[in-house]
Amino acid sequence: MNRNPCSGAGLSPRDWDSHPAYQYDGYRSTAKRGPLQPLIPLKAALGELRQPVYGHACVGELDHDLTRNARRPGDPVGEPIGERIVLAGRVLDDRGRPVPHTLVEIWQANAAGRYVHKGDQHDAPLDPNFLGAGRCMTDSQGRYRFLTIKPGAYPWGNHPNAWRPQHIHLSLFGQHFASRLVTQMYFPGDPLLPLDPMITGTPERVRRRLIADFSLDLTQEGYALGYQFDIVLRGADETPFEHR
């Protein structure tokens with residue numbers, strides 16, 4: 001399918017061969033979700049539009065800390081159940097330059113593999129101390145950082161005995177409308193990775209871009225393991241889209 005990417009004078013063209021196809025036989029619901037008609041390209045000027053402005057005042061003090069942001073004033077102090085992790089990295093543009101002061105949002109299942117969402121009816125417990133969502137702004141060097149709980153795997157009904165690998169969803173705006181990215185980050189060594197149509201539907205040569213690296217430098221001694229996940233918004237090394 002011709003994706004007709006938009007590309008303005010200031011943006012490198014997308015490498016569409018690095019992204020999953022809109023329809024993938026192994027992922028059954030893409031037959032209903034994938035577009036059947038050619039996409040309508042954006043005019044270059046629209047693709048160059050700057051993203052909505054999100055100032056630091058719009059991001060709360062604990063928004064980046066998913067181990068604490070579920071608490072409301074007056075709630076008893078409680079810790080979420082599960083393995084604490086640090087997720088951090090850099091956001092880069094199509095030329096490998098840092099993208100400063102841009103919004104990064106994440107959402108995920110809890111340690112038992114369940115989302116705080118009415119559509120998730122997985123027979124696993126909810127955690128009253130874990131919302132599973134957070135956000136932060138990158139700093140002047142394009143760095144972001146979250147403290148969270150390692151998510152659990154969960155069944156998803158795509159095929160017999162289908163389980164999603166542990167993963168975290170990320171949403172980024174970058175500096176232009178055309179650099180918008182929604183993706184997933186996976187953990188190294190997960191035995192479910194080669195069985196999962198969402199990641200195997202991504203071209204094999206770029207799947208590694210969706211898997212974080214364990215980092216002893218990010219690990220907090222006696223408290224949380226660290227994972228490094230750099231994100232490239234466009235260009236030859238761009239991070240693949242989430243396969244929906």
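Nothing here was measured: the structure is a model prediction, and the numbers come from that model. For this chain, numbers begin at 1 and follow the sequence in order.
- For the pair Ile211 and Leu193, the minimum side-chain heavy-atom distance is below 4.5 Å.
- Each of Trp156 and Leu195 belongs to its own hydrophobic cluster when Ile, Leu, Val, Met, Phe, Trp and Tyr are linked at side-chain heavy-atom distances under 4.5 angstrom.
- Sparse packing is recorded around CD1 of Ile81, with 12 or fewer heavy atoms of other residues, nucleotides or ligands lying under 6.0 Å away.
- Remark: Arg180 pairs with no residue by the salt bridge (Lys or Arg N to Asp or Glu O under 4.0 Å) rule, at least two apart or across chains.
- Note that CZ of Arg209 and CZ of Phe229 are 11.0 Å apart. Values are rounded to the nearest 0.5 Å.
- With sequence neighbours excluded, the residues that form a salt bridge (Lys or Arg N to Asp or Glu O under 4.0 Å) with Glu79 are Arg71.
- Note: Tyr186 and His167 have tilted aromatic rings, judged against thresholds of 30 and 60 degrees for the angle between ring planes.
- Both Leu210 and Val182 are part of a single hydrophobic cluster, where members link through side-chain heavy atoms under 4.5 Å apart.
- Hydrophobic clustering, with ILVMFWY side chains joined whenever heavy atoms are under 4.5 angstrom apart, keeps Leu147 apart from Leu66.
- Residues meeting the salt bridge (Lys or Arg N to Asp or Glu O under 4.0 Å) test with Asp120, sequence neighbours left out: none.
- Looking at Asp127, its side chain never comes within 3.5 Å of a backbone N or O of Ala111 through a donor-acceptor pair.
- In this structure, His64 has no ring-ring contact (aromatic ring centres under 6.0 Å, His included) partners at least two apart in sequence or on a different chain.
- Note on Ile231 and Leu87: same hydrophobic cluster, where clusters join Ile, Leu, Val, Met, Phe, Trp and Tyr whose side-chain heavy atoms are under 4.5 Å apart, directly or indirectly.
- Summarising the geometry of Thr219 relative to Gly226, their closest heavy-atom pair is OG1-N, 2.9 Å, with the distance given to 0.1 Å.
- Of the possible polar contacts, one joining the Asn110 side chain to the Pro125 backbone as a donor-acceptor pair under 3.5 Å is found.
- Atom NE2 of His159 has more than 12 heavy atoms from other residues, nucleotides or ligands within 6.0 Å.
- A pairwise comparison of heavy atoms in Tyr227 and Ile85 identifies CE1-CG2, 3.9 Å as the closest pair.
- For Phe130 against Ala109, the heavy-atom pair with the smallest separation is CE2-O, 3.8 Å.
- In this structure, the side chain of Ser140 does not engage the main chain of Pro100 through any donor-acceptor pair within 3.5 Å.
- With values rounded to the nearest 0.5 angstrom, Cys136 atom SG is found 12.0 Å from Arg143 atom CZ.
- Contact annotation: the side chain of Asp93 never approaches that of Leu233 to less than 4.5 Å [non-hydrogen atoms, C-beta and beyond].
- In this structure, the side chain of Arg207 engages the main chain of Thr200 through a donor-acceptor pair within 3.5 Å.
- By the 4.5 Å heavy-atom criterion applied to side chains, Thr102 and Tyr144 are not counted as neighbours.
- Contact between Gly82 and Ile149 at its shortest, heavy atoms only, is CA-CG2, 3.8 Å.
- Under 4.0 Å is where a charged nitrogen must lie from a carboxylate oxygen, and between Asp65 and Arg84 no such pair does.
- Between the CZ atom of Arg135 and the CG atom of Asp63 there is a distance of 5.0 Å, given to the nearest 0.5 Å.
- Residues passing the salt bridge (Lys or Arg N to Asp or Glu O under 4.0 Å) test with Arg90: none are found, sequence neighbours excluded.
- Closest approach of Leu192 to Ala153, counting heavy atoms only: CD1-CB, 3.8 Å.
- Side-chain atoms of Gln166 come within 3.5 Å of backbone atoms of Pro151 as a donor-acceptor pair (strictly under, hydrogens ignored).
- Atom-to-atom distance recorded for Arg234:CZ and Leu181:CG is 11.0 Å, nearest 0.5 angstrom.
- Rounding to the nearest 0.5 Å gives a distance of 11.5 Å between OG of Ser171 and CD1 of Ile106.
- For the pair Leu126 and Arg114, the minimum side-chain heavy-atom distance is below 4.5 Å.
- Separation of atoms CD (Gln184) and CD1 (Ile168) is listed at 10.5 Å; rounding is to 0.5 Å.
- Residues Val104 and Phe146 come closest through the heavy atom pair O-CZ, 3.5 Å.
- The side-chain heavy atoms of Arg208 and Asp213, taken from C-beta on, include a pair separated by under 4.5 Å.
- At a threshold of 4.5 Å between side-chain heavy atoms, the hydrophobic network of Ile, Leu, Val, Met, Phe, Trp and Tyr places Val86 and Met137 in two separate groups.
- For Tyr115, the ring-ring contact (aromatic ring centres under 6.0 Å, His included) partners two or more places apart in sequence, or in a different chain, are Tyr154.
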